[in-house]
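Everything numeric here is computed off the predicted structure, so don't read it as measured data. Letters A, B, ... are given to chains in the order of the sequence lines, protein chains preceding strands, and every chain is numbered from 1.
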Amino acid sequence: MQALAVAIQSEDFSVDAENADLLRQSNNTGAIANFVGIVRVNNDRLTVVSMQLEHYPGMTEKSILRVLQEARQRWQLNAARVVHRIGELHPGEQIVYVGVASEHRHAAFDACAYIMDYLKLQAPFWKKEITANGAHWVDARESDSIAAQRWSKP
Amino acid sequence: MQALAVAIQSEDFSVDAENADLLRQSNNTGAIANFVGIVRVNNDRLTVVSMQLEHYPGMTEKSILRVLQEARQRWQLNAARVVHRIGELHPGEQIVYVGVASEHRHAAFDACAYIMDYLKLQAPFWKKEITANGAHWVDARESDSIAAQRWSKP
Amino acid sequence: MLKVLFFARLREELGIGELNCAAEQAATAAQLRESLVAANGEHWRASLFADNIIVAVNQEVVDWSQPLQAGDEIAFFPPVTGG
Amino acid sequence: MLKVLFFARLREELGIGELNCAAEQAATAAQLRESLVAANGEHWRASLFADNIIVAVNQEVVDWSQPLQAGDEIAFFPPVTGG
C-alpha cells in the first residue's frame, strides 16, 4: 500500500477499513478528515431510481493521484486516499470516499475539501440518472473557475 | 434516535455504523463530512504510552448538543452526531467522531470543522498523557479567541 | 447548599472532586473561590488561582462575578484539552 | 494512427466509444474534431461542437490548438459530474 492511493471500483467501501489503511500508511496521525458522497433520493424534484456512473479508465486514476500529490505538497499530510465507485448505484448508497490523515486537523480538513472540489469539478466521471420520467445525463452545475478561485495560491 | 446526537463513552466506535445512523436520521443526504481524532504516538518528542480522558458528566453532553443545534441553525444540515471517548486510550486509537450530513458538501465540511473547533477549544474534556517520563496533564495550546474569530458572524 | 466540583489537574491537586458548602458563604463565584481558600488552607490558592482557571455555574461557563444561589452546581477546572 | 475516445453523452449520441483515424488527417485537436465531422456526417457536429465539450490528449485536458502526433490518445467528453 501507498501513502497516496486511488481506487475506482463498482463495489461498496467501508470508511472504517479505508481509514485503517490510512493509519497503516502514516506515523503520528492525530486527525483524519473524511468525505463520503451519497446518492440523493431527489434531484430537481424527480425521484431517482438509480444512477449510472461512468469514468475514463486510466485518466481518472492518474489525475486523482496527481491531485493527491498536489495536496501533499500544499499541506502537511501523512496519507490520503480516494475510492470512487462506478456502475449502477441506488439512492442512499455511498459513491465516493476521501480520507486525509495528518498530525493536525486544519490540514486534514482543507486537503479533504480541496480533493473533493477536484472530484466534483474536474475528475472525468459522468452521472446518468434514471428517474420515473426516464434516463438523463446529469448537468454540470459548478464551473471550474469557481474551484480554481477557491484554491488559487496567494 | 435523534437527528442531533451526542455520546460520551469508553467503548470504541465504528465510523460506518455512526454514518449509517446519520443517514437513517435524514432525507436526501448527498454529503457526509467526518472527522476522526486519533491518539498520536508522539507529543513534544515524548512517546505516549497511554492517554487518560476525563469529562464533566452532564455539562459535556449538554454543551456539545447545543453546539450541534447552533451548527444546524447556521448551515443547512440534515443530521449531526458526535461520539467522544473517555477513559484510557492508546496511541493509534480513535478518540472522537464527528459526522455531519447535508444535501451539499460545503455545509457539511464547514459544520464539521466548526464542531471540531468547539470540541478542541471549549468542550469540557481533559487529557492526561502517560509517557516513559511519567504522567502529565496536556496543556491547552489554542485560545478560545482564535476559534471565536474564525466563526464570528459577518 | 452549593455543590462544588473540581476536574482534572485541580481535582488531583486538591485531592477532592466534589464538596458541599453553605450558600451564605459566597454571593458570587469569586467569593466562593476566596472562601474555599480560607476554609481549606493557603495551598488551595495556588491551584484555584492558577492562570486560566475556568468556572461554570449550573454547567455554563460564567464570569467570576456570577451571583450564586442555594442549589447551584459550581465547577472549577483548568483549560480544556479535548478532541 | 490516432486513438479517439468518446465518453458519456457523446458516446451515446455518436453510437461509438472508440475509433482510430489516420494521424495525417489532423495536426491539432481542433482539426481532428472538424475531420471527424467531415468523415462521419453533419449529425456529428451537434454533438462534438456542443457547449463546453472538453478534449484530452494522452489523458491530459488540453486546448483545441494542441498539436497531435501518431500514437496519441484523444478523448472528447462533456463537462464532468463526479463526486
**Message:** Show me the pairs that pass salt bridge (Lys or Arg N to Asp or Glu O under 4.0 Å) and involve residues 25-41 of chain B, at least two apart or across chains.
**Reply:** none

**Request:** Taking atom CD of A:Gln76 as the centre, report whether more than 12 heavy atoms of other residues, nucleotides or ligands fall under 6.0 Å from it.
**Result:** no

**Prompt:** Do A:Phe109 and B:Phe35 have ring centroids that are under 6.0 Å from one another?
**Reply:** yes

**Asked** Does a sphere of radius 6.0 Å around CG in A:Asn27 hold more than 12 heavy atoms from other residues, nucleotides or ligands, not counting ones at 6.0 Å or beyond?
**Response** no

**Prompt:** By a 4.5 Å heavy-atom criterion (distance strictly below it), what part of A:Asn19 contacts chain B: side chain, backbone, both, or neither?
**Reply:** side chain

**Prompt:** Going from CD1 on B:Ile38 to CG on A:Leu22, what distance comes out if it is rounded to the nearest 0.5 angstrom?
**Reply:** 9.5 Å

**Request:** Let me know if B:Val39 has heavy atoms under 4.5 Å from chain A in its side chain, its backbone, both or neither.
**Result:** backbone

**Asked** Taking every heavy-atom pair that is under 4.5 Å apart, which of A:Val48, A:Leu23, A:Ile95 has the most such pairs with chain B?
**Response** A:Leu23

**Message:** Any heavy-atom pair between the side chains of B:His106 and A:Asp117 that's under 4.5 Å?
**Reply:** yes

**Prompt:** Hey, what do you get for CD (A:Gln94) to CD1 (B:Ile32), rounding to the nearest 0.5 Å?
**Reply:** 7.0 Å

**Donor-acceptor contact present, side-chain A:Asn28 to main-chain B:Val41, <3.5 Å** = yes

**Prompt:** Roughly how far, to the nearest 0.5 Å, is CD of A:Glu18 from CG of B:Asp16?
**Reply:** 9.5 Å

**Request:** Would you list the pairs meeting salt bridge (Lys or Arg N to Asp or Glu O under 4.0 Å) in which at least one residue belongs to residues 50-69 of chain B, sequence neighbours left out?
**Result:** B:Glu54-C:Arg11, B:Arg66-C:Glu60

